[in-house]
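Okay, so here's the structure we're looking at.
Quick note on labels: first sequence line is chain A, next is B, and so on, each numbered from 1.
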Amino acid sequence: DGGITQSPKYLFRKEGQNVTLSCEQNLNHDAMYWYRQDPGQGLRLIYYSQIVNDFQKGDIAEGYSVSREKKESFPLTVTSAQKNPTAFYLCASSISRRGLRLFGQGTRLTVV
Amino acid sequence: ILNVEQSPQSLHVQEGDSTNFTCSFPSSNFYALHWYRWETAKSPEALFVMTLNGDEKKKGRISATLNTKEGYSYLYIKGSQPEDSATYLCASQGGSEKLVFGKGTKLTVNP
């Protein structure tokens, strides 16, 4: 079955560590996105990519980095520069710019 | 950044009731309006994307309308069932790739 797989489901990070969240899709979608959810707020865009080897910053990119070496994969690294990384992270993809986003099940990151 | 507002923030209805909620968005530079349903412990599920003023979309007992001139969309659920309990998100898309999401309307349907 086609879909988006995020891993891990839960992730704990010590302060000062970088961690990488995985996002894989087998839908042959060109566009992929990373969102962050905090309590009481709407989903906010971190980074997005419309094509392999290209990506753009979203509204809250500071302290994050991404890569898009393969069409299927769009990993997100939360760096030590991100001052408040504890949040729920969602990856999504879409077949086109106007297309509905298909979401993964998310990764909950907690700084300990 | 666009400002997308959803109301009400939460809603409790009885099984069998019909209900509706609102998404307000800036009408300038409009490109598309998305609706998603997000059940607890699951992925957000895509419902509709609408682009033209006057668009109406339907999926089972759920339907949505769009008014781009005044900047609002309504989501309707006919004969609510407990399985409809979820948070309903709308997102406005301007002239770029980005979606701006509202905070959602949390619907609880009591049996």
**Message:** When you compare the side chain of B:Leu75 with that of B:Asn20, does any pair of heavy atoms fall below 4.5 Å?
**Reply:** no
**Request:** Check whether B:Leu107 and B:Phe48 end up in the same hydrophobic cluster, where Ile, Leu, Val, Met, Phe, Trp and Tyr are linked by side-chain heavy atoms less than 4.5 Å apart.
**Result:** yes
**Asked** Any idea which of A:Ser94, A:Ala92, A:Gly58, A:Gly40 has the most non-hydrogen atom pairs under 4.5 angstrom with chain B?
**Response**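 Among A:Ser94, A:Ala92, A:Gly58, A:Gly40, the one with the most close pairs to chain B is A:Gly40.
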**Request:** Go through the steps for A:Thr20 and A:Thr77 under the test side-chain hydrogen bond (donor to acceptor under 3.5 Å, both in side chains), then give the verdict.
**Result:** CA-CA 4 Å; A:Thr20 297; A:Thr77 297; 3.0 Å; yes
**Message:** Does any backbone or side-chain atom of B:Leu47 lie under 4.5 Å from a heavy atom of chain A? Answer side chain, backbone, both or neither.
**Reply:**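 The backbone, not the side chain.
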**Message:** Tell me whether A:Gln56 at atom CD has more than 12 heavy atoms from other residues, nucleotides or ligands lying less than 6.0 Å away.
**Reply:**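 Atom CD in A:Gln56 is packed in, count exceeds 12.
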Region of [X] that comes under 4.5 Å of a non-hydrogen atom in chain B:
X: A:Gln50; answer: side chain
X: A:Leu43; answer: both
X: A:Leu90; answer: side chain
X: A:Gln105; answer: both

**Asked** Centroid-to-centroid, B:Tyr36 to A:Phe103, below 6.0 Å?
**Response**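 Distance test on ring centres: under 6.0 Å, yes.
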